[in-house]
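A quick write-up on the structure given underneath.
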Amino acid sequence: MPSVMIRVKENGALLFYIAKKDQEDEIAEVETDTEESWGGEVVLTDGSRYYVDPISPRPSFPTTLRFKRV
């Protein structure tokens, strides 16, 4: 379960960064993305999929979360 830093880019997209792998990519899709809840399955623009238990309320970014690879 890698620790992942998520931050907002200048264009409003969320950036997904795993330091140990030096992997950085934009998030293409989030299963649940509302003000009340954020998380579930996350799909990156390269097709990689990760999972985080939904967080309530939606976290403020930047934040670091533990994800599982799907």
Side-chain angles (χ1 to χ4, degrees):
M1 289 180 51
S3 291
V4 176
M5 176 180 242
I6 300 175
R7 67 179 174 87
V8 180
K9 290 178 62 174
E10 297 80 28
N11 65 2
L14 292 176
L15 189 67
F16 187 96
Y17 178 68
I18 302 174
K20 284 190 174 186
K21 293 184 175 184
D22 197 31
Q23 175 186 357
E24 183 175 82
D25 204 349
E26 282 188 19
I27 294 176
E29 182 182 331
V30 178
E31 185 176 348
T32 304
D33 189 2
T34 66
E35 289 300 318
E36 295 80 32
S37 183
W38 188 91
E41 189 171 85
V42 173
V43 181
L44 305 183
T45 56
D46 72 356
S48 299
R49 294 175 181 272
Y50 291 85
Y51 180 84
V52 65
D53 289 327
I55 300 163
S56 184
R58 184 180 200 260
S60 57
F61 300 108
T63 190
T64 300
L65 302 169
R66 304 245 333 147
F67 281 78
K68 289 186 260 185
R69 188 163 175 102
V70 177

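Along the sequence shown, residues carry numbers from 1. Note that the structure is predicted; figures quoted are calculated from it, not measured.
- Listed by chain and residue number, nothing satisfies the salt bridge (Lys or Arg N to Asp or Glu O under 4.0 Å) test with E24 (two or more places apart in sequence, or in another chain).
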Side chains of residues 38-46: which donor-acceptor partners sit under 3.5 Å, not counting sequence neighbours?
unit_1: E41; atom_1: OE1; unit_2: R49; atom_2: NH1; d: 2.8
unit_1: T45; atom_1: OG1; unit_2: D25; atom_2: OD1; d: 2.4
unit_1: T45; atom_1: OG1; unit_2: D25; atom_2: OD2; d: 3.3
unit_1: D46; atom_1: OD1; unit_2: S48; atom_2: N; d: 2.8
unit_1: D46; atom_1: OD1; unit_2: S48; atom_2: OG; d: 2.9
unit_1: D46; atom_1: OD2; unit_2: S48; atom_2: OG; d: 3.3

Please tabulate, one pair per line, all N/O donor-acceptor pairs under 3.5 Å involving side-chain atoms of residues 10-20, not counting sequence neighbours.
unit_1: N11; atom_1: OD1; unit_2: A13; atom_2: N; d: 2.9
unit_1: Y17; atom_1: OH; unit_2: D22; atom_2: OD1; d: 3.2

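- In the hydrophobic clustering, V70 connects to Y51, either directly or through intervening members, whenever side-chain heavy atoms lie under 4.5 Å apart.
- In terms of the salt bridge (Lys or Arg N to Asp or Glu O under 4.0 Å) criterion, K21 has no residue partners (sequence neighbours excluded).
- Remark: I55 engages P59, L65 in a side-chain contact (heavy atoms from CB on, under 4.5 Å) (not counting sequence neighbours).
- Residues forming a side-chain hydrogen bond (donor to acceptor under 3.5 Å, both in side chains) with Q23 (at least two apart in sequence, or on another chain): Y50.
- Two different hydrophobic clusters hold M1 and V52 under the rule that ILVMFWY side chains link at heavy-atom gaps under 4.5 Å.
- Contacts classified as salt bridge (charged side-chain N to carboxylate O under 4.0 Å, His left out) and involving residues 57-70 (residues at least two apart or in different chains) are given here: D33-R58.
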